[in-house]
Chemist: 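Sharing a structure with you now.
Every chain is numbered from 1 and lettered A, B, ... according to where its sequence line falls, protein lines coming before strand lines. On a predicted model such as this, the values are computed, not experimentally measured, just so you know.
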4 protein chains.
Amino acid sequence: MTIQGTGTARPAGRPRSEKAEKAIIEATLDLIAEGMGVSELSIEAIASRAGVGKTTIYRRWSSKEDLVVDALATLKAPLPPLAGVSVRDDLITLLDAMRAESGNRRGRCVMNIAMSEADRHPRLTERFVQRAVEPRRRALREVLERGVASGELRPDLDVTLAMAILSGTMMWQSKWGPADGLPEDLAERVVDVVLAGMAPPAG
Amino acid sequence: MTIQGTGTARPAGRPRSEKAEKAIIEATLDLIAEGMGVSELSIEAIASRAGVGKTTIYRRWSSKEDLVVDALATLKAPLPPLAGVSVRDDLITLLDAMRAESGNRRGRCVMNIAMSEADRHPRLTERFVQRAVEPRRRALREVLERGVASGELRPDLDVTLAMAILSGTMMWQSKWGPADGLPEDLAERVVDVVLAGMAPPAG
Amino acid sequence: MTIQGTGTARPAGRPRSEKAEKAIIEATLDLIAEGMGVSELSIEAIASRAGVGKTTIYRRWSSKEDLVVDALATLKAPLPPLAGVSVRDDLITLLDAMRAESGNRRGRCVMNIAMSEADRHPRLTERFVQRAVEPRRRALREVLERGVASGELRPDLDVTLAMAILSGTMMWQSKWGPADGLPEDLAERVVDVVLAGMAPPAG
Amino acid sequence: MTIQGTGTARPAGRPRSEKAEKAIIEATLDLIAEGMGVSELSIEAIASRAGVGKTTIYRRWSSKEDLVVDALATLKAPLPPLAGVSVRDDLITLLDAMRAESGNRRGRCVMNIAMSEADRHPRLTERFVQRAVEPRRRALREVLERGVASGELRPDLDVTLAMAILSGTMMWQSKWGPADGLPEDLAERVVDVVLAGMAPPAG
DNA sequence: GTGTAACCGAGACGGTACGTCCGGTCTTCCC
DNA sequence: GGGAAGACCGGACGTACCGTCTCGGTTACAC
């Protein structure tokens, strides 16, 4: 017998097509980017867009939600590189990146799904938080704590509060801001306000 | 002839039932509060929940979107009464009210709809902004401007920026905050940070 | 006052219009004659045909069935005059009249209703039997019994059986006969068969 | 190429379910047996009773009438076996079978439909005649003609007339007879009357 | 090769909702 | 009271689409 002893033996028959899998995921993300909510998304539309039979989808995922979860999971989180010199600069870099991501169509739609389906599809939101929210939150926290450690920020800084203000301001404005005439340099300004408001009181 | 010249004469036939109209609106809001998005909402479910024939709905609204628009429009905006003494106290009152409103189930669901359907149903969002967002925004602006006028806030305060920070922080946290362990007195704290960060530099 | 004290006092208000009542009944019979079954009959159609408001019908009959019952009840049963001489001739006269009545459109439709609605609307059928079937049955029986009494028919004649054969043959053929090429003088022939088959055996 | 030239190739896709087809027909007959006329029959009720989607019905029949036609067509006509010895016995057997069939609920309702819808749905009636009426008529005629050939009946017997009397008596009584107190052995009696009335005059 | 199994396409399945129509009832106006 | 008008609820219509399932025919690998 020539069955190699290595781990999982390849199952008999034609192997599943990676191409089909990718096409399905891509089609799903495309449709999401076009503003489809989870319920507007139809397997039929995905299959058609991916050039794939409905069966092929059904063979891989047992429900639409599973598919969307997997699709969102492929969204990588390329955090911007931080200079690591000035805390202020790094914060601005981070916040501008966040705004940019949630500002374009795709980001906004993914955001919508993650938020509005939170009640009905907890697993979906959970996965999104884990893949997209947490990394950014962690980066933000690290920068702030670095500032505390380096003395650039006051030692008793309420990091959690600062994070809430910074991210809240940016994310909220990416949703409603455009209509409000908020300035381009919003990141810079809010960082300054927070740093000023949280700076050591006098000296 | 004795036809009175007064305005629009009452049309012939049985008049439309106000009760039915209210029941329909209420049913719609109920279903929204149960997490239905606009596309999950079905006229049939609304009719059944309201104890009303489908025709009675179609007679009044030509599309589901129109109905939802009207339903959201009935959400009144009972802003909390402001003491009008201290700007700081008034801000805290306002922000806490905002958080409370978006914290309960109904508020959260309405919020979800308004946000996630923004792209697909602009009229819906527009109406929501006009009825729910604008009044709050205006109230916030008035308090801030009063502070400027009274000298409680620095004269060159960037009111728009302050509003973005205050409302962004509160609204964003009403969505993601619960999982973050943010404190109960968030409103108080963020107001203090903003006031400190925007206070007249010297005195 | 000129209200006469006689019997039932006339109720206040405008008296009901007899004309409307007749028009409604007539319209109902018309529609039935056009082949409508009880369920195809609609109050709306009746009202429209009678030039009457739906209310006016609803005020008088509490259900469609009641109305149809009353309408059928107005169908009079003008039995043909019998010469009273020969039993054979009288039977032929009766049977030919029956065939004529169930042969024209109106008679056939009324028949259809009476028969097919028997299960669902027993009161309707009951009324029909009482007004239309019974008189004919009675006439038939009288002629036969007269023949027995006069010696024209054998004394032990089974009157019930004779009636079943005579009326069954005529009525059944009025339904299915036309396609069968049955002769015009069917009545005469069947009477002869029955009389022959039931005549005193030898002398 | 090895594509065989054999007949009609099986069409692509999932084949239609015979089970569904049968269930639909059965449900239709059930509802008819419950006294539904053609207009009371609703596709929705049939679908629900058959445990089938409405599409599954519409895929097969384009109209309610077509469905009913097919349903009635499935009613088989199991004529009773005839001994073939005595004409009199065979006639009695046939007539009793006819009475039994139109005596039970299902038979009565089918009869009602066939008769009362004759004007509105000629195709329906036509099919019913062809499937149910004709075979019986043929059997009756054959027995009678056998009697003529064998000398058991007079050679100049009017077969058509005899058929009209025999079937008319039986069918009519199956409708109105129960209330008339007609005897159990009606078949026997009417056969005797007809044979007597049509027997060769002298011998 | 041959076999196995996944592939694709097509189409029927049960189900839900659609928007329309119409029927019987109810309510109001005007004569 | 009577007519007209029209809203009311309910039920069925025929259609569309969805997710599922079931086929036939094809393709890619491992033996």
Chemist: For residues 23-32 of chain A, which residue pairs qualify under side-chain hydrogen bond (donor to acceptor under 3.5 Å, both in side chains), counting only residues two or more places apart or in two chains?
Modeler: none
Chemist: Does D/Thr56 place a side-chain N or O at less than 4.0 Å from the phosphate oxygens OP1/OP2 of E/dA12?
Modeler: no
Chemist: Under the rule for side-chain contact (heavy atoms from CB on, under 4.5 Å), what residues qualify as partners of D/Asp66, not counting sequence neighbours?
Modeler: D/Trp61, D/Ser62, D/Ser63, D/Arg123
Chemist: How close do C/Leu41 and C/Ile32 get, heavy atom to heavy atom, and via which atoms?
Modeler: CD1-CG1, 3.9 Å
Chemist: When all nucleic acid strands are considered with a 4.0 Å heavy-atom cut-off, which category describes B/Ala47: base, sugar-phosphate, or nothing?
Modeler: nothing
Chemist: Can you pull the side-chain hydrogen bond (donor to acceptor under 3.5 Å, both in side chains) pairs that have at least one residue in residues 33-50 of chain B, sequence neighbours excluded?
Modeler: A/Ser39-B/Glu40, A/Glu40-B/Ser39, A/Arg120-B/Glu40, B/Glu34-B/Arg49, B/Glu44-B/Lys54
Chemist: Nearest whole Å is fine: how far is F/dA28 C1' from A/Lys19 NZ?
Modeler: 13 Å
Chemist: Counting distance only, does the side-chain N/O of D/Arg105 pair as donor-acceptor with the main-chain N or O of D/Ala33 below 3.5 Å?
Modeler: yes
Chemist: Just jot down the salt bridge (Lys or Arg N to Asp or Glu O under 4.0 Å) partners of B/Glu21, sequence neighbours excluded, or say none.
Modeler: B/Arg60
Chemist: So what does A/Gly53 hit on the nucleic acid, given a heavy-atom distance under 4.0 Å: a base, only sugar-phosphate, or nothing?
Modeler: sugar-phosphate
Chemist: Are OP1 or OP2 of E/dC7 and a side-chain N or O of A/Arg59 less than 4.0 angstrom apart?
Modeler: yes
Chemist: Can you measure D/Ile57 atom CD1 to E/dA12 atom P for me and round it to whole angstrom units?
Modeler: 15 Å
Chemist: In the structure I gave you, are the side-chain heavy atoms of D/Glu65 and D/Val38 within less than 4.5 Å of one another anywhere?
Modeler: no
Chemist: Expressed in angstrom and rounded to an integer, what is the separation of B/Arg60 atom CZ from E/dT20 atom C1'?
Modeler: 18 Å
Chemist: Could you check whether any side-chain heavy atom of A/Leu67 comes within less than 4.5 Å of a side-chain heavy atom of A/Ile25, counting everything from C-beta outward?
Modeler: yes
Chemist: Quickly work out the C/Ile46 CD1 to E/dG24 C1' distance and round it to whole Å.
Modeler: 12 Å
Chemist: Can you give one letter per nucleotide of nucleotides 14-21 of chain F, 5' to 3': B if a protein heavy atom sits under 4.0 Å from the base, S if only from the sugar-phosphate, - if neither?
Modeler: BB--SBBB
Chemist: In whole Å, I'd like the distance from the CE atom of D/Met36 to the C1' atom of F/dA12.
Modeler: 12 Å
Chemist: Tell me which residues in residues 21-29 of chain A put a heavy atom below 4.0 Å from DNA chain E, sorted by number, or none.
Modeler: none
Chemist: Can you find a heavy atom in the side chain of A/Leu72 that is under 4.5 Å from one in the side chain of A/Arg131?
Modeler: no
Chemist: Report the residue (D/Ala50 or A/Ser17) whose heavy-atom-nearest nucleotide on DNA chain E is the more 5′ of the two.
Modeler: A/Ser17
